[in-house]
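Please read the structure below before turning to the comments.
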There are 2 protein chains.
Amino acid sequence: MRHDHLSTTFAALADPTRRAILARLASGETSVTELAQPFEMTMPAISKHLKVLERAGLIARGRQAQWRPCRIEGRPLGEVAEWVEHYRRFWDESFDRLDEYLVELKAKEKKDGRHE
Amino acid sequence: MRHDHLSTTFAALADPTRRAILARLASGETSVTELAQPFEMTMPAISKHLKVLERAGLIARGRQAQWRPCRIEGRPLGEVAEWVEHYRRFWDESFDRLDEYLVELKAKEKKDGRHE
DNA sequence: CGGTTAATTAACCAATCCGTAAAATAATCC
DNA sequence: GGATTATTTTACGGATTGGTTAATTAACCG
C-alpha cells in the first residue's frame with residue numbers, strides 16, 4: 001500500500017537494531033556475521049533487517065568469497081534530512097513562540113472575518 | 001515492544017497520510033474534520049493517524065467547544081534532524097561519487113535483473 | 001430536553017512486521 | 001567430491017498496522 005520512497009526509508013529507520021547497524025557501518029564496511037555480533041538475535045533476523053535497509057537504499061552489499069560485506073549508502077538519509085528541514089522552524093524555540101502568536105492572530109481573523 | 005522514542009517518531013513519519021497532515025499543520029492549527037478533508041479515508045482512520053502522531057509527540061491537541069484543534073510540535077523532528085545529521089558525510093560523499101554510484105547500480109541491475 | 005455536529009472508541013479484518021528454527025545456497029578449503 | 005563457513009530462504013507464529021462500519025462521547029444550539 002505504501003510504495004512511496006520516503007515512507008520506506010522512515011520505516012526502515014524505525015527500528016533500533018537497524019539504526020545500530022547503520023551506526024556500525026558508519027565506521028566502515030563489514031560482514032553480516034560481524035554486524036550480528038552485538039545483538040541477541042539470530043542470523044536470519046539480522047539478515048532480514050539488512051534486507052529492509054537494502055530495499056530502502058540505506059545500505060549496499062558486495063560479494064567477497066562467502067562474505068557479503070555491507071556498506072552504508074547516504075542518499076536516502078539526505079532525502080530524510082531534506083524533508084525534515086522544512087520543519088526546522090518548529091523546533092527552534094524562538095520561532096515556536098512566533099508561530100503561536102501567528103496562529104492566535106489567524107484564529108482571531110477567522111472568528112472576526114467570517115462565519116464558520 | 002519497541003518503546004524507544006526515536007523509533008516511535010520514525011514509525012509515525014513512515015506514512016504519507018501522516019506526513020501530509022504535518023504539512024497541513026505547518027501552515028496552522030486546525031480541526032480534525034478539516035485535516036481529514038483532502039483524504040479519501042473515513043474519520044476514524046484520520047483519528048487513528050492523529051493518535052499516532054500525538055503519541056510520537058509530533059502534534060498536540062486542544063479543545064475548543066466540540067472541536068479538537070491540532071497543532072504541530074517540532075521537538076521530535078529536531079531529534080530526527082539531530083540523529084540524521086551524524087550521517088551527513090555519507091550523502092555528501094554519495095553526491096561527490098554520483099557517477100560511481102550509477103555505474104554500480106547499473107551493474108547490479110544487470111546481475112539481479114532476472115530475479116525480479 | 002432533543003437534535004446536530006465533531007470526534008473518538010469498539011469490534012473486526014487483512015496485511016505486514018519481527019522474531020524463531022530448520023533447510024537451502026553459495027563460495028572456499030582439503 | 002565432501003566438509004566447512006557465511007548467509008539467505010522457507011515456514012511459521014504472535015504482535016502491530018491501517019483501514020472499515022457501527023456505536024458512543026462530548027459539546028453546542030434552539
Side-chain angles (χ1 to χ4, degrees), chain A residues 1-4 6-21 24-25 29-56 58-71 107 110-111 115-116, chain B residues 1-4 6-22 24-25 29-56 58-71 108 111-112 114-116:
Chain A
M1 177 83 73
R2 212 187 48 208
H3 330 70
D4 93 274
L6 203 45
S7 295
T8 306
T9 304
F10 275 125
L13 295 176
D15 182 286
T17 303
R18 289 195 290 264
R19 290 198 307 280
I21 287 172
R24 168 62 190 81
L25 290 177
E29 193 165 325
T30 191
S31 72
V32 178
T33 305
E34 195 179 314
L35 280 175
Q37 200 68 23
F39 304 103
E40 290 180 350
M41 206 177 291
T42 57
M43 284 289 289
I46 299 295
S47 200
K48 282 185 178 181
H49 281 306
L50 292 176
K51 189 183 267 183
V52 172
L53 289 169
E54 189 178 27
R55 274 208 262 238
L58 286 160
I59 65 169
R61 298 197 248 189
R63 161 83 74 170
Q64 281 172 21
Q66 65 269 63
W67 295 270
R68 265 153 255 198
C70 301
R71 69 168 193 283
K110 209 170 191 177
K111 201 175 178 183
H115 166 60
E116 203 164 335
Chain B
M1 205 55 78
R2 205 192 51 210
H3 54 299
D4 94 275
L6 204 45
S7 295
T8 305
T9 304
F10 275 124
L13 295 176
D15 182 287
T17 303
R18 289 195 290 264
R19 291 199 307 280
I21 287 172
L22 289 179
R24 167 63 190 80
L25 290 178
E29 193 165 327
T30 191
S31 71
V32 178
T33 305
E34 196 178 312
L35 279 175
Q37 199 69 21
F39 303 102
E40 290 179 350
M41 207 177 289
T42 58
M43 284 288 290
I46 299 295
S47 200
K48 282 186 178 183
H49 282 306
L50 293 176
K51 190 182 266 184
V52 172
L53 289 169
E54 188 178 27
R55 274 207 259 237
L58 286 160
I59 65 169
R61 292 143 120 174
R63 161 81 77 169
Q64 281 173 21
Q66 64 269 62
W67 293 272
R68 265 153 256 197
C70 302
R71 69 169 193 280
K108 198 169 194 181
K111 196 176 176 184
D112 299 345
R114 279 176 203 171
H115 257 261
E116 286 177 278

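To find a chain, count down the sequence lines: A is the first, B the second, and so on, and within it residues start at 1.
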Would you kindly give the [atom1]-to-[atom2] distance between [X] and [N], to the nearest whole Å?
{"X": "A:Phe39", "N": "C:dC18", "atom1": "CZ", "atom2": "P", "result": "14 Å"}
{"X": "B:Phe10", "N": "C:dC18", "atom1": "CZ", "atom2": "P", "result": "14 Å"}
{"X": "A:Glu40", "N": "C:dC18", "atom1": "CD", "atom2": "P", "result": "18 Å"}
{"X": "A:Leu35", "N": "D:dA6", "atom1": "CG", "atom2": "C1'", "result": "13 Å"}
{"X": "A:Met41", "N": "D:dT8", "atom1": "CE", "atom2": "C1'", "result": "17 Å"}
{"X": "B:Asp15", "N": "D:dT17", "atom1": "CG", "atom2": "C1'", "result": "9 Å"}

Here the residues of residues 45-55 of chain B within 4.0 Å heavy-atom distance, strictly under, of DNA chain D are B:Ala45, B:Lys48, B:His49
Within-4.5 Å side-chain heavy-atom neighbours: B:Leu22 and B:Ile59: yes
Classify A:Ser31 by what it touches in the nucleic acid, base, sugar-phosphate, or nothing, heavy-atom distance under 4.0 Å. sugar-phosphate
Please report the closest heavy-atom contact between [X] and [Y], naming both atoms and the distance.
{"X": "A:Ser7", "Y": "B:Pro16", "value": "OG-CD, 3.2 Å"}
{"X": "A:Arg18", "Y": "A:Ala11", "value": "NH2-O, 3.1 Å"}
{"X": "A:Thr8", "Y": "A:Arg55", "value": "CG2-O, 4.4 Å"}
{"X": "A:Arg19", "Y": "A:Ala14", "value": "NH1-C, 4.0 Å"}
{"X": "A:Arg61", "Y": "A:Glu54", "value": "NH2-OE1, 2.9 Å"}

Pairwise distance CG(A:Leu6) to CG(B:Leu13) - rounded to 0.5 angstrom: 8.5 Å
Measure the spacing between CG of B:Leu50 and CG of B:Leu25 and express it to the nearest 0.5 Å. 8.0 Å
Name each donor-acceptor pair under 3.5 Å that joins a side chain in residues 31-42 of chain A to protein atoms two or more places apart or in another chain, with its distance.
unit_1: A:Ser31; atom_1: OG; unit_2: A:Glu34; atom_2: N; d: 3.2
unit_1: A:Glu34; atom_1: OE1; unit_2: A:Thr30; atom_2: OG1; d: 3.1
unit_1: A:Glu34; atom_1: OE2; unit_2: A:Arg24; atom_2: NH2; d: 2.8
unit_1: A:Glu34; atom_1: OE2; unit_2: A:Thr30; atom_2: OG1; d: 3.3

Annotated protein contacts, base or backbone, on nucleotides 23-29 of chain D with a non-hydrogen cut-off under 4.0 Å, one of B, S, - each: ---SSS-
Nucleotide of C:dC18, C:dA21, C:dA6 approaching B:Thr33 most closely (side-chain heavy atoms): C:dA6
